[in-house]
Every structure is written in structure tokens, then in C-alpha cells.
Amino acid sequence: MTDPGELSPTPPDAVESPAPSAGAESPAPSAGAESPAPRAEDLRSLDGRDMPSRTDTIGAALSGTVGGPVGRHALIGRSRFLTPLRVMLVIALVFLALGYSTKAACLQTAGTGAADQRVGNWENQRAYFQLCYSDTVPLYTAELLNLGKFPYKSNWVETDGEGKPHVQYDGSPAVRYMEYPVLTGIYQYLSMSLAKTYTALTKLVSVPIIAEVVMFFNIAAFGLALAWLTTLWATAMLAGPRRIWDAALVAASPIVIFQIFTNFDSLATAFAAAALLAWARRRPVLAGVLIGLGVAAKLYPLLFLIPLALLAVRTGRLREVGRTAVAAALVWLVVNLPIMVLFPRGWSEFFRLNTRRGDDMDSIYNVVKSFTGWRGFDPDLGFWEPPIALNTLSAALFAACCIAIGYIVLTATRRPRVAQVAFLVVAAFLLTSKVWSPQFSLWLVPLAVLALPHRRILLAWMTIDMLVWVPRMLYLFGEQNMGLPEQWFTATVLLRDIAVITLCALVIRAIYRPELDLVRRDGVDDPAGGVFAHAPDAPPCWLPDWLRPRPLLVRYPQAAPAEFGAQTHVGVHSGCPTHPEVAQLERDFPDQRGFL
């Protein structure tokens with residue numbers, strides 16, 4: 001819904017929207033012409049809103065299906081029913097339905113007997129050649145959910161293709177537990193409980209008998225769909241009323257079609273997006289609570305503390321970020337502590353698994369191995385032996401990326417936006433990680449539309465990312481079954497990585513040239529900035545000069561300070577000695593001394 005405070009009053013004698021993209025003047029009315037209806041008394045209009053049907057080629061083309069671009073005389077932001085958010089929610093439902101349809105071929109009930117005796121039809125590897133694979137279905141039996149076992153308490157021994165138990169590299173049995181963080185594991189347990197409730201219902205009343213594993217998928221998918229709608233809502237609120245349509249690519253992301261129901265990642269994206277929204281609304285403790293819940297569902301929301309910490313160093317707002325970090329840690333501990341105490345071995349499985357995993361087939365390391373024949377950093381490992389060299393390299397590369405991002409954040413002429421830095425950190429994590437499961441790309445979607453709202457560029461990346469799924473499935477189907485060779489798959493992975501790197505480069509370009517940032521036009525600072533928005537730079541005194549923001553007036557010495565807002569204050573509010581370049585400017589331009 002539009003905030004009335006964002007609406008601009010339009011005088012009674014001027015009903016044309018003065019949107020910058022309108023282009024032409026409204027034709028003068030004919031003499032004596034009268035409106036068929038009385039003019040509205042309230043003519044306020046959100047004329048500054050970005051309207052894709054006017055400003056975007058794709059938006060203009062798609063608008064033809066619903067009557068064409070918005071009219072030049074329209075009062076913007078005044079619709080009571082078809083608000084932008086509701087329209088995007090409808091679009092999201094369409095794409096979620098498409099996402100379900102891509103899994104439908106694997107959700108056909110097979111077998112006879114009661115619901116818990118029937119199975120989903122995965123014969124002849126149809127999950128691969130019909131592109132309908134989802135982790136949800138095999139996990140139901142692999143993690144003993146079909147037996148009603150509680151995650152983290154129950155375990156099983158890994159076996160080979162012949163059913164023989166595996167032995168670890170150290171000679172101990174290969175015992176497995178639930179491999180997900182606590183909230184995701186509990187979510188699966190609750191979905192299983194509801195599925196078994198339906199199974200019991202089929203034995204009491206006449207209702208359709210659906211395989212229990214299929215019902216488990218359906219129940220889990222319903223919750224995942226709600227989580228994605230929450231992600232969309234939070235992203236739209238973060239974009240703000242002026243650029244709310246940027247969130248349309250969260251609703252209509254091609255990545256959703258194949259990946260929304262592949263795993264449980266939309267639970268974490270909902271917590272992460274809601275945490276950013278809480279931060280934007282200057283509620284750091286609530287932001288920490290939501291980050292803590294997100295980390296209890298998936299590890300990646302923990303990465304959000306990195307951009308917040310970097311921006312806090314630049315602005316001197318460390319106390320607020322500290323409150324967020326403490327709240328996140330406490331909430332994570334509260335959620336995890338019962339499982340940690342009662343079932344310590346099962347609780348720690350998530351960390352052990354990620355330590356011993358090798359390079360994933362979607363990782364850049366596997367791409368190099370695929371094209372060069374290289375055996376990797378740890379070629380002769382025993383079963384479940386941790387790849388120490390790969391783990392060290394992956395961590396070192398991510399740390400190096402964070403250092404580079406920190407340099408950009410601290411030295412850019414104008415403070416970067418929260419979404420820009422968060423996107424760079426999460427993208428760096430995925431690019432350098434040894435594991436990039438296909439559904440991980442959902443993490444980037446809401447951050448990308450907030451950091452770089454160029455729809456055609458984002459749509460190109462999302463389409464490439466979506467298409468990685470096709471050669472991936474056909475490669476797993478096997479060349480001997482008329483599938484595709486590995487290089488077809490790894491080539492598309494490489495294209496995806498190049499696309500993400502390109503997005504990072506464009507975000508960095510917008511940071512160093514803020515006049516190119518679409519979000520910061522018309523005097524807007526950072527809609528998701530929270531306490532950082534319009535905050536002056538106040539880096540700590542111990543920060544060396546080469547890690548301090550470069551003065552804006554070095555580049556524009558004659559510019560009016562008001563044009564750049566609070567960003568012209570460099571080194572003043574921290575109580576530190578004046579930056580050398582600022583001192584020189586004070587000597588050269590004494591009339592602007594108070595603004596340097």
C-alpha cells in the first residue's frame with residue numbers, strides 16, 4: 001500500500017502526471033470540452049514512482065496484454081484494490097504454480113495399498129529426463145521420516161550400491177543423521193506429521209489415497225510457497241513506494257520455476273528479507289532475531305552481519321549493529337540449544353557434513369576439473385575424509401573477497417547501500433564456495449533486484465541460471481541413456497558464474513559512480529539503510545587514511561554541498577584529525593570550510 005505521505009498534491013487545474021518518462025505534453029482539451037465525470041477532489045499522485053510500462057521495454061511490451069502503459073493523466077498510487085504489491089503477489093502465484101508443475105511428473109502416486117505403502121513414481125530415472133527432481137522426495141525415506149523418526153535423534157549407516165555398509169577413512173562406521181539446521185529439520189518433521197495425519201484420515205473416511213511421500217512434498221511445498229511470498233512482500237517494502245515494481249522480478253524470477261521446490265531454501269530467504277526490512281525500519285533487535293531464525297534454517301543469513309559491520313565502521317554506528325549481532329546469537333542459541341543438549345551428535349551433523357564434502361558439481365572447482373582433467377586439491381581421500389586443502393582455499397578466497405569488499409565500502413566516495421554490499425558478500429560466498437547447489441541462487445534474487453534494479457540485465461542472468469538445471473539433469477541421466485556429457489553442464493555453470501561476476505562488476509560500478517544508481521536518483525539515499533540512511537561518515541580514528549572515504553569535493557570542488565547531502569562530511573564527526581585531502585581543500589576553498 002502507498003504511504004499517503006509519499007503522494008504529491010496536484011493542483012486542480014493540472015491533472016497530468018509530470019512523470020519524467022512521460023515524454024510528451026498532454027494535448028490541450030478542445031474548447032468547451034467537459035469531462036464525462038466530475039473531477040476527483042483529492043488529486044494527490046505519486047508521480048515520482050518508476051513505472052515499467054513507461055520506462056522499460058519489457059514492461060511496455062507486457063503492459064499491452066492489460067490495456068497498455070499507464071496513462072499520462074493517471075493519478076499514481078491511488079488504486080485501492082490492484083496495488084503493485086497485490087499484482088506482484090498474483091504474478092508470484094503464477095510462477096509458483098509453474099514451479100509446482102515442473103515437479104508434477106515426479107509426484108504421481110504408484111503402487112497399491114494404504115497411502116504409506118504407496119510411492120511416488122520415479123521409475124527409470126524419470127526425475128532426470130523429465131527435469132522434476134526434488135530433494136524433498138528422496139529425503140523422506142533417506143532421513144527415516146517415513147518411519148516417523150525424530151530428526152537428530154535417529155541415525156542410519158550409509159551403504160554402497162550393493163547394500164554393504166560404508167566404513168569411514170578412520171575405520172569407524174559411516175553413521176548419518178539429519179543433515180539440515182534445526183529449523184529446517186523441524187519443518188520437515190512437522191510436514192511429515194501432517195502427511196501421516198492425512199494417511200490416517202484416508203483409513204477412516206473416503207478421501208483420495210495419495211502416496212504419503214507425495215503428500216509430504218505437497219505440505220512442504222505449501223509452506224515454501226508462503227515463505228517465497230513473504231520474501232516478495234519484504235523485498236517490495238524494501239524497494240519503497242518509488243521503486244516498488246523492482247520487486248516484480250522476485251515474483252516472476254525464472255529461477256523460481258525450477259528451484260523453488262527443489263529444497264527448503266525459501267524458508268531462509270523469507271527470514272533474511274524480513275531481517276533486512278526490520279533493519280530498514282530501524283529495528284536492529286528485531287533484525288537480529290530474524291537473522292538468528294534464518295541462520296537456524298540455513299547458514300547464509302549470517303553473511304548479512306558482514307555488510308552491516310562494514311557500514312557500521314564507516315558511519316560509526318557500531319552500537320546498533322552490535323545489538324543486531326547479539327540478538328541473532330541469542331535467538332540462534334535458544335532455537336538450537338534443546339537439540340544441541342539432547343542430541344549433540346545429530347545436531348552437529350550439519351557442520352560435519354559441510355566439512356567433509358568435496359567440490360560440488362556446480363562449483364567453479366569442478367568446472368576447472370571438468371575442462372582440464374585436473375584431479376583437484378585433495379585427489380586421494382578416503383571415504384568421508386575432509387578435503388583440507390579445498391576447505392582452506394575456499395575459506396581464503398572468500399576472506400580475500402570480503403577484504404576487497406571492505407575496501408570498497410570504506411573508501412568509496414559515497415557510502416554504498418546495504419543491499420549493494422549484501423549482494424556482493426553473498427555472491428562472493430557462492431562463487432568461492434565448494435558447494436553451489438542450484439537452489440542457492442534463490443538467495444541472490446531479492447538482493448539482486450534491490451542492488452541493481454536493471455530488469456533486462458537481471459532477467460538475462462536469471463534465465464541463464466534457470467537453464468543450468470536442464471543440462472544438469474540430463475548429465476545425471478547419463479550419456480549412455482542419451483543424456484548430455486559433463487562439459488555441456490559445466491559450460492552452463494561457467495556462464496552462470498560469469499553472469500554473476502558481471503552483476504558484481506555493475507554493482508561496484510554503481511557504488512563508485514552513484515549518479516548511475518537508479519535507486520539514488522531524486523535525492524534518495526538508501527531505502528534499506530536503516531540507521532545508515534543519511535548518516536555522515538564517522539570512521540574510527542584508528543582507521544588509516546587509505547581506508548577512509550575519499551572526499552567528494554576532491555572531484556567536484558565547486559559543487560554545492562547540499563547536492564551531496566551528508567556525504568560531504570569526511571573526518572569531521574569522528575573527532576579524528578582532518579583527512580590530508582580535506583585539509584588541502586580547506587586551504588583552497590575557505591568559503592566551503594564548514595562543509596568539508
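A quick note: this is a predicted structure, and the numbers were derived from the prediction, not measured. Only heavy atoms go into these numbers, but all of them, side chains included; no hydrogens, no water, no symmetry mates.
The two residues Q420 and D517 come nearest to each other via the heavy atoms NE2-OD2, 3.3 Å. Among all heavy-atom pairs drawn from I291 and A275, the shortest one is CG1-CB, 3.6 Å. Summarising the geometry of M88 relative to A236, their closest heavy-atom pair is CE-CB, 4.1 Å, with the distance given to 0.1 Å. Across A538 and T315, no two heavy atoms sit closer than the pair CB-O, 3.6 Å. Residues L442 and I255 share a closest heavy-atom pair of CD2-CG2, 3.8 Å. A pairwise comparison of heavy atoms in V468 and T492 identifies CG2-O, 3.6 Å as the closest pair.
Each of L229, I260, V256 was evaluated against S266; a single residue qualifies, I260, per the side-chain contact (heavy atoms from CB on, under 4.5 Å) test. Each of Y300, F398, F440, F304 was evaluated against F429; a single residue qualifies, F398, per the ring pair (Phe, Tyr, Trp, His ring centres under 6.0 Å) test.
Looking at heavy atoms from C-beta onward, L183 lies out of side-chain contact with V295 at the 4.5 angstrom threshold. Inter-residue side-chain proximity for V500 and L430 is flagged as unmet; no heavy-atom pair is nearer than 4.5 Å. For the pair S437 and V435, the minimum side-chain heavy-atom distance is below 4.5 Å. With a 4.5 Å cut-off on side-chain heavy atoms, V445 and W461 count as touching. Between L311 and R415, some side-chain heavy-atom pair lies under the 4.5 Å cut-off. Side-chain contact between V519 and P453 is present, with heavy atoms from C-beta onward closer than 4.5 Å. Taking 4.5 Å as the limit, some side-chain heavy atom of L277 sits within range of a side-chain heavy atom of W233. Side-chain contact between L276 and V418 is present, with at least one heavy-atom pair separated by less than 4.5 Å.
Between atom CG of residue L459 and atom CD1 of residue I464 there is a gap of 10.0 Å, rounded to the nearest 0.5 Å. Distance check: L224 CG to F264 CZ gives 6.5 Å after rounding to the nearest 0.5 Å.
Put simply, the side chain of S101 gets close to the backbone of L98: a donor and an acceptor are under 3.5 Å apart. Here the side chain of R496 pairs a donor or acceptor atom with the backbone of D362 at under 3.5 angstrom. Formation of a donor-acceptor pair under 3.5 Å by the D526 side chain with backbone atoms of A528 is found in this model. Judged by distance alone, with hydrogens and angles left aside, the side-chain atoms of R520 form a donor-acceptor pair with the main-chain N or O of D525 at under 3.5 Å. One N or O on the side chain of T184 and one on the backbone of A297 form a donor-acceptor pair closer than 3.5 Å. In terms of modelled atom types and a separation under 3.5 Å, the side chain of K103 and the main chain of F258 share a donor-acceptor contact. In this structure, the side chain of R417 does not engage the main chain of P527 through any donor-acceptor pair within 3.5 Å. Side-chain N or O atoms of T231 include one that pairs as donor or acceptor with a backbone N or O of A270 at under 3.5 Å. Put simply, the side chain of T324 never gets that close to the backbone of A287: no donor and acceptor are under 3.5 Å apart. Listed for the W228 side chain is a donor-acceptor partner under 3.5 Å among the backbone atoms of V250.
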Exercise for the section: Apply the test side chain to side chain contact (heavy atoms under 4.5 Å, CB included) to residues L458 and L503: give CA-CA distance (whole Å), side-chain angles for both, the deciding distance (0.1 Å), then the verdict. Expected result: CA-CA 8 Å; L458 293 180; L503 294 183; 4.1 Å; yes
Practice task
List the steps, then state whether side chain to side chain contact (heavy atoms under 4.5 Å, CB included) holds for Q259 with D465.
Solution key: CA-CA 10 Å; Q259 304 308 336; D465 201 306; 5.7 Å; no
Handout entry: Residues L450, F423; criterion side chain to side chain contact (heavy atoms under 4.5 Å, CB included); working and verdict
Key = CA-CA 9 Å; L450 295 171; F423 174 81; over 6 Å; no
Exercise for the section: Go through the steps to decide whether R414 and Y512 satisfy the test side chain to side chain contact (heavy atoms under 4.5 Å, CB included), and finish with yes or no. Expected result: CA-CA 8 Å; R414 185 171 181 181; Y512 279 109; over 6 Å; no
Exercise for the section: Might you work through the ring-ring contact (aromatic ring centres under 6.0 Å, His included) test for W279 and F532, ending with a clear yes or no? Expected result: CA-CA 10 Å; W279 178 264; F532 301 142; 5.3 Å; yes
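D246 and R455 are joined by a salt bridge, as a carboxylate oxygen and a charged side-chain nitrogen come within less than 4.0 angstrom of each other.
Checking S441 against W436 by side-chain atom types alone, a donor-acceptor pair falls below 3.5 Å.
Residue R282 places its CZ atom among more than 12 non-hydrogen atoms of other residues, nucleotides or ligands, all under 6.0 Å distant.
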